[in-house]
Asks: 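Sharing a structure with you now.
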Amino acid sequence: MNILQELENFINEFNQDNNEEFSIDSIRIEFSKQHKKKKLDGIGKWEKLQKNSNILHKLKNRLGVDEVTSVMRLEKHNIYYYNSNKDKPKYRTATMVIFGLKQYHKSPPPHHIVSKVLSILNNVTNIDICLDIPYKPKIELLENYFTLKQFITKDGVSTDTHYINNTNASMIEKIVIYDKALKNGLDCVLWRIEALISIPNIKVLALPLQEFKRITDLLKGIE
DNA sequence: AAACGACCGATTGACAGATA
DNA sequence: TATCTGTCAATCGGTCGTTT
């Protein structure tokens, strides 16, 4: 079975058993281009991003800026890979990033293309699982259990975006809570709770969804 | 059989300084 | 100013032996 299908099944089963609505928003995969590039090129046309493009700047935020040498984009999709120089002088390692899988203002990357990318790379190192709720989450309740960090812009303006950088759950690197409607200009009230989950071994698929649910329940006001 | 990793070498790209 | 050129960084493909 395809990796994407396995991930989706895993989450869907959890959702059914727990009356939950978790979705995948992003997927990241570290890989070596040596034996994959040819197959990836077969999917479609990859274009190099301009040095000054702001997508590139955004993407660099999540990796060490220094080790990113260039970024390739698959046509007009939210599917990219970063080239890295951390294995210098081989320049073979790259990180695939597929994002915006759960969004409302634009259509997400086509499912069959995402599926194809995953079946070529045959791995997943990192995924973001999210839950959207139609009201503002009870962030105060979380403060009893976690250390929260509020996002402050460069100009010193504090925003309604909050982070938990230490979640106690080893596979959950970070939690982000933000105003999704504001971010995407939606005409409704919508907040997103997002967990950045690392997957040490895709062959032993286990996602800390129960741990994530504990946090989303608190944010819904269920103590 | 298919995927993988180490090694080699050829080609392309980015950038700076020299030249016209 | 526009073009050329040298240098080093970045990228990619091929082979070959090893793992899965």
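So you know, we letter chains A, B, ... as the sequences are listed, proteins then strands, and number each from 1. Computed from a prediction, not measured in an experiment: that's the story for all the values here. Quick note: numbers below take in every heavy atom, side chains included, and nothing from hydrogens, waters or symmetry partners.
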Asks: Select base, sugar-phosphate, or nothing to describe what A:Asn122 touches, counting heavy atoms under 4.0 Å on all strands.
Replies: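 No contact.
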Asks: It should be established whether A:Ser32 places a side-chain nitrogen or oxygen under 4.0 Å from OP1 or OP2 of nucleotide B:dC4.
Replies: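 No.
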Asks: Given 3.5 Å as the limit, does a donor-acceptor pair link the side chain of A:Asn85 with the main chain of A:Lys88, or not?
Replies: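 Checked: no pair found.
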Asks: Could you please spell out the steps behind the salt bridge (Lys or Arg N to Asp or Glu O under 4.0 Å) verdict for A:Asp25 and A:Lys102?
Replies: CA-CA 5 Å; A:Asp25 181 64; A:Lys102 175 78 176 175; over 6 Å; no
Asks: A:His35 has a side chain; which of C:dA10, C:dT15, B:dC8 sits nearest to it?
Replies: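 Per side-chain heavy atoms of A:His35, the pick is C:dT15.
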Asks: Would you mind reading off the bend of the helix from B:dA1-C:dT20 to B:dA20-C:dT1 from its two end axes, five pairs each, to 10 degrees?
Replies: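 Computed from the C1' atoms at both ends, the axes differ by 30°.
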Asks: Would you mind reading off the distance between A:Lys37 atom NZ and C:dG14 atom P, rounded to a whole angstrom?
Replies: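 Taking NZ of A:Lys37 and P of C:dG14, I get 12 Å after rounding.
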Asks: Atom CZ of A:Arg92 and atom P of C:dG13: how far apart are they, to the nearest Å?
Replies: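 A:Arg92 atom CZ is separated from C:dG13 atom P by 9 Å.
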Asks: Can you measure A:Asp87 atom CG to B:dA6 atom P for me and round it to whole angstrom units?
Replies: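 Distance check: A:Asp87 CG to B:dA6 P gives 10 Å.
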Asks: Could you work out which one of B:dA6, B:dA3, C:dT11 sits closest to the side chain of A:Tyr91?
Replies: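 The answer is C:dT11.
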Asks: Are A:Asn168 and A:Tyr145 close enough that a side-chain donor and a side-chain acceptor fall under 3.5 Å?
Replies: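 Judged by distance alone, the side chains do not pair up.
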Asks: Pair A:Lys37, A:Arg92 - check side chain to side chain contact (heavy atoms under 4.5 Å, CB included), show working.
Replies: CA-CA 10 Å; A:Lys37 189 172 184 302; A:Arg92 289 215 137 110; over 6 Å; no
Asks: Within this structure, what is the CD1-to-C1' distance between A:Ile3 and B:dA3, rounded to whole angstrom?
Replies: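 Roughly 14 Å, once rounded to whole Å.
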Asks: What I want to check is whether the side chains of A:Asn83 and A:Ser70 have a donor and an acceptor closer together than 3.5 Å.
Replies: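 Looking only at side-chain atoms, A:Ser70 and A:Asn83 do form a donor-acceptor pair, the distance falling under 3.5 Å.
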Asks: Atom CD1 of A:Ile29 and atom C1' of B:dA3: how far apart are they, to the nearest Å?
Replies: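 After rounding, the gap between these two atoms is 17 Å.
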Asks: Any idea which of C:dC12, B:dC7, C:dA10 is nearest the A:Thr69 side chain?
Replies: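 Selected nucleotide (nearest to the side chain): C:dA10.
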Asks: What is the nucleic acid contact for A:Lys90, judged by heavy atoms within less than 4.0 Å: base, sugar-phosphate only, or nothing?
Replies: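 Answer is base: heavy atoms of A:Lys90 come under 4.0 Å of a base.
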Asks: Roughly, in whole Å, what's the span from NZ in A:Lys33 to C1' in C:dC12?
Replies: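 Value for this atom pair: 8 Å.
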Asks: Can you find a side chain N or O atom of A:Lys36 that sits less than 4.0 Å from OP1 or OP2 on B:dC4?
Replies: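 Yes.
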Asks: Could you check if a side-chain atom of A:Arg73 sits within less than 4.5 angstrom of a side-chain atom of A:Asn78, using non-hydrogen atoms only?
Replies: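 The answer is yes, as the side chains (C-beta and beyond) meet within the 4.5 Å cut-off.
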Asks: Have A:Ser115 and A:Asn2 got a donor and an acceptor in their side chains that come within less than 3.5 Å?
Replies: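 Distance-only check passes for A:Ser115 and A:Asn2.
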Asks: Separation of A:Phe31 atom CZ from C:dC12 atom P, in whole Å?
Replies: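 So the CZ-P distance, A:Phe31 to C:dC12, works out to 10 Å.
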Asks: It should be established whether A:Asn83 places a side-chain nitrogen or oxygen under 4.0 Å from OP1 or OP2 of nucleotide C:dA10.
Replies: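 No.
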Asks: Taking the side chain of A:Lys38 as heavy atoms from C-beta outward, which of B:dC4, C:dG14, C:dG13 is closest to it?
Replies: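 So the side chain of A:Lys38 is nearest to C:dG14.
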Asks: For B:dA3, does OP1 or OP2 lie under 4.0 Å from any side-chain N or O of A:Lys39?
Replies: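 So the side-chain polar atoms of A:Lys39 do come within 4.0 Å of the phosphate oxygens OP1 or OP2 of B:dA3, strictly under.
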Asks: In terms of the nearest nucleotide of DNA chain B, which residue is placed more toward the 5' end: A:Pro89 or A:Lys48?
Replies: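 Its nearest nucleotide being more 5', the pick is A:Pro89.
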Asks: If I take atom CG in residue A:Asn85 and atom P in nucleotide B:dA14, what distance separates them, rounded to the nearest angstrom?
Replies: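 Spelled out: CG on A:Asn85 to P on B:dA14 is 15 Å.
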Asks: Only one of A:Lys48, A:Lys45, A:Glu47 passes side-chain contact (heavy atoms from CB on, under 4.5 Å) with A:Met72; say which it is.
Replies: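 Only one of A:Lys48, A:Lys45, A:Glu47 forms a side-chain contact (heavy atoms from CB on, under 4.5 Å) with A:Met72, namely A:Lys48.
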Asks: Considering just the side-chain nitrogens and oxygens of A:Lys88, establish if one lies under 4.0 Å of OP1 or OP2 belonging to C:dA9.
Replies: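 The answer is no; no side-chain N or O of A:Lys88 sits under 4.0 Å from OP1 or OP2.
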